[in-house]
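Every number for a ligand or one of its atoms is a count from 1 in the order of the listing. Numbering starts at 1 and runs along the sequence shown.
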Amino acid sequence: MSIPLLFGLLALTLGVVGDETPEAQSPQSACASLQSLLGATIVQTPAAGSSFQTIVGTPLNLANNELTPSCVVIPQNTSHVSTAMKAIYKTKSRYAVLAGGHSAMKGWNAVRDGVLIYFRDMKAVSYDSRKDTITMQPGVRWGEAVNTLAPLGVAPVGGRAAHVGSGFLLGGGISFLSPSLGYGADLYKELDVVLVDGSVVTATANNKYSDLFRALKGGANRFGIVTRYELYPFHSGKQSDKTWFGGTITYPGSFVEDVLRATARYTKNVDDPNATIFVTLEHIVNAPANKIDTVVQANIFYHGKSLPPKIFGDFLSIPASNKSLSALSYADIVANTFPANDDHGSTYLYGASTRRGGDEKAFVDALNFNLNFTESLKRDLAWTALTFTPIPDSQIKAGRARGGNAIDAPLTGGYAVMQIMQTLPVGVVDVPPAVANGKKKLLSQIKPVPGLPLFINECDALQNVFATYGGYDFLKKTYKKYDPTRFNIGHTDGPIGL
Ligand SMILES: Cc1cc2nc3c(=O)[nH]c(=O)nc-3n(C[C@H](O)[C@H](O)[C@H](O)COP(=O)(O)OP(=O)(O)OC[C@H]3O[C@@H](n4cnc5c(N)ncnc54)[C@H](O)[C@@H]3O)c2cc1C
Ligand SMILES: *[C@@H]1O[C@H](CO)[C@@H](O)[C@H](O)[C@H]1NC(C)=O
Ligand SMILES: *[C@@H]1O[C@H](CO)[C@@H](O)[C@H](O)[C@H]1NC(C)=O
Ligand SMILES: *[C@@H]1O[C@H](CO)[C@@H](O)[C@H](O)[C@H]1NC(C)=O
Ligand SMILES: *[C@@H]1O[C@H](CO)[C@@H](O)[C@H](O)[C@H]1NC(C)=O
């Protein structure tokens with residue numbers, strides 16, 4: 001549909017004659033005109049839409065289930081997204097985009113009194129062996145993509161949890177495959193993008209949208225809506241090809257410091273792209289006993305026949321309460337790591353920090369700060385967690401070899417990103433002021449290392465993650481070019497700093 005025709009239709013629907021009639025500018029008017037343009041199946045409202053309530057409940061974070069939009073647009077193709085953005089832009093409505101729903105940040109995938117675009121019906125994933133690329137629509141989740149493609153011997157460089165969606169890529173995306181292939185976003189070949197005014201462009205590393213292409217590698221939801229990802233694949237082999245070895249080791253809380261020291265050393269010493277780990281510790285508030293239990297897990301994998309002792313010896317020698325290690329396919333790893341971990345019903349809070357490889361003291365300090373935080377707020381929390389993921393130089397070099405990303409991390413000989421997570425008791429939506437304040441203090445205690453980029457997929461909404469990117473100035477310049485009226489920042493929640 002041409003722009004003049006669309007605007008004509010909108011004007012008709014809204015009863016607007018001139019360009020700017022303030023009282024007509026509301027999400028309701030955007031929803032009404034979209035419903036007449038796209039129909040009541042694609043554009044659903046609480047009154048008319050059978051899927052409306054289910055969709056509102058889709059985000060994992062309870063805090064986002066509380067934000068009820070004026071309508072939900074369920075596009076079937078790029079044109080529908082373009083039509084939606086044109087109406088949103090024209091009526092100056094608030095909006096949000098929902099893919100897999102795993103963002104913890106309030107308002108990043110849900111909107112109160114605005115237009116929600118949900119990719120439920122754009123879930124296709126395919127592999128073209130001639131071009132050797134995977135094409136994905138944004139509604140697919142990583143477990144589905146991996147299972148669909150495993151018979152063809154390929155996999156996308158996607159999430160470590162099967163239920164996470166494609167929004168992962170826009171934040172960079174840390175995969176089990178990242179040490180060898182880079183961030184998930186480093187594997188982009190071509191992107192279809194609906195810009196904020198509804199225009200559609202195809203961005204590649206070499207065309208006139210190459211700046212947009214790079215900005216979408218870490219720029220999160222600020223640079224447009226991606227409706228098609230064409231990605232370079234990982235040649236994973238099939239489900240029956242058990243070419244990996246590894247799994248999960250669980251340690252008793254009494255060994256938590258040893259595990260963290262081992263993680264600090266691993267972060268500095270290991271730059272073998274076939275090795276991949278993450279380490280999580282949880283402080284669980286055991287309400288009846290009013291005490292805190294600590295559980296530590298190392299997820300360790302090697303692309304090879306066994307776990308080389310030189311790389312994993314520390315983790316293997318610390319006394320464990322449970323070891324589940326075996327030969328695995330890549331699809332097994334993705335399916336097993338977070339089995340059915342889709343815990344709706346709780347409000348989650350994230351935060352991000354970094355640790356220099358080898359700095360054992362800084363790893364252990366983070367634990368103690370978090371333990372004290374959890375202890376002092378245990379009446380208001382269900383559990384807290386710290387997750388450490390090493391970012392080896394091999395990962396950064398792999399990204400640079402594909403043209404680089406907006407994160408533009410420096411080569412330091414290995415650092416770790418940290419996720420600092422709190423979960424409120426089931427059903428509690430509002431963050432008590434004591435928790436909000438305690439968390440601010442905690443984030444100031446578990447200080448990030450200056451010069452190392454924070455990871456936006458795991459941040460607190462108040463953290464200026466973009467400012468920690470090597471590509472911050474590039475990102476600001478590119479944002480200004482593609483959204484000169486700052487419509488996105490004014491009308492949808494997302495990362496600060498642009
Ligand atoms: C259990 C769990 C495990 C996780 N594991 C990992 C991990 O291993 N590695 C990692 O990097 N992250 C991980 N994350 C974080 C996760 O990648 C991010 O929360 C990511 O943003 C989720 O994407 P989504 O599509 O599921 O979520 P959504 O909340 O639907 O989307 C995330 C953000 O991206 C925007 N967005 C989504 N699709 C588009 C699009 N097509 N165009 C424009 N904007 C869009 C949304 O508006 C939202 O702001 C994990 C999270 C959880 C809860
Ligand atoms: C999108 O789908 C509509 C049908 O709902 C169709 O008319 C239109 O041509 C499609 N657009 C594209 C680009 O495929
Ligand atoms: C990584 O593993 C692959 C497959 O097992 C192997 O071909 C490659 O040589 C390994 N790379 C390194 C650096 O060991
Ligand atoms: C050990 O871990 C495996 C795999 O995660 C699990 O199935 C099993 O129940 C665990 N055993 C114990 C004793 O916790
Ligand atoms: C944690 O609390 C204990 C007891 O209140 C205190 O002695 C210790 O210094 C605190 N540790 C940190 C890292 O804040």
Side-chain angles (χ1 to χ4, degrees), residues 1-2 5-6 9 34-44 73-86 117 119-122 124 135 137 153-155 176-182 192-194 198-202 225 227-228 234-238 241-246 256-257 260 270-276 281 283 291-292 294 301-308 310-312 327-330 333 353 360-378 384 386 392-395 397-398 401 420 438-439 441-447:
M1 178 167 312
S2 70
L5 177 55
L6 172 66
L9 273 173
L34 283 170
Q35 215 164 35
S36 72
L37 286 168
L38 300 176
T41 308
I42 291 177
V43 182
Q44 302 198 359
V73 178
I74 311 165
Q76 293 164 356
N77 62 30
T78 302
S79 319
H80 296 157
V81 179
S82 168
T83 302
M85 267 325 295
K86 280 175 183 159
I117 298 173
F119 284 113
R120 186 195 69 188
D121 293 347
M122 287 178 71
T135 296
Q137 289 186 318
V154 293
F176 289 118
L177 303 167
S178 290
S180 57
L181 297 172
D192 287 348
V193 190
V194 177
S199 52
V200 181
V201 304
T202 297
I225 304 177
T227 56
R228 182 180 63 98
F234 168 58
H235 287 268
S236 56
K238 300 183 182 185
D241 295 327
K242 311 289 181 189
T243 53
W244 294 74
F245 197 93
V256 60
E257 283 202 26
L260 289 179
V270 178
D271 196 26
D272 180 331
N274 283 327
T276 187
L281 66 90
H283 294 310
K291 70 188 238 307
I292 292 167
T294 300
F301 302 95
Y302 194 71
H303 194 197
K305 286 193 163 36
S306 60
L307 292 167
K310 206 167 153 265
I311 294 177
F312 298 104
L328 299 161
S329 67
Y330 180 67
I333 295 177
S353 191
E360 294 180 35
K361 181 176 180 305
F363 279 66
V364 173
D365 279 351
L367 155 76
N368 289 321
F369 287 133
N370 194 63
L371 191 55
N372 278 12
F373 164 83
T374 311
E375 179 65 41
S376 68
L377 289 162
K378 63 187 168 195
T384 66
L386 299 179
D393 281 352
S394 60
Q395 173 173 338
K397 288 177 187 161
I420 303 165
K439 180 167 182 192
K441 181 171 162 209
L442 180 68
L443 290 179
S444 73
Q445 290 172 325
I446 307 183
K447 269 197 219 20

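Within a 4.0 Å radius of atom 2 (O) of ligand 2, the protein contributes one or more non-hydrogen atoms. For atom 7 (O) of ligand 3, the nearest protein heavy atom is 4.0 Å or more away.
Side-chain atoms of K439 and L377, non-hydrogen and from C-beta on, never get closer than 4.5 Å to each other. Looking at W244 and T276, their side chains come closer than 4.5 Å, going by heavy atoms from C-beta outward. Using a 4.5 Å cut-off on side-chain heavy atoms (C-beta onward), R228 and T78 make no contact. By the 4.5 Å heavy-atom criterion applied to side chains, F363 and L386 are not counted as neighbours.
With respect to atom 4 (C) of ligand 3, the closest heavy atom belonging to the protein is H303 CE1, 3.7 Å. The nearest heavy-atom contact from the protein to atom 10 (C) of ligand 2 is N77 ND2, 2.4 Å. H80 NE2, 3.2 Å is the protein heavy atom nearest to atom 5 (O) of ligand 2. Of all protein heavy atoms, the one closest to atom 14 (O) of ligand 3 is N274 ND2, 3.3 Å.
Applying the 4.0 Å criterion to heavy atoms of S79 picks out, from ligand 2, the atoms 11 (N), 12 (C), 13 (C).
Between the side chain of D241 and the backbone N or O of T243, no donor-acceptor pair lies under 3.5 Å.
The shortest N or O to N or O distance between N372 and ligand 5 is under 3.5 Å.
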- request: May I have the step-by-step check of side chain to side chain donor-acceptor pair (under 3.5 Å) for S394 and D271, ending in yes or no?
  value: CA-CA 6 Å; S394 60; D271 196 26; 3.3 Å; yes
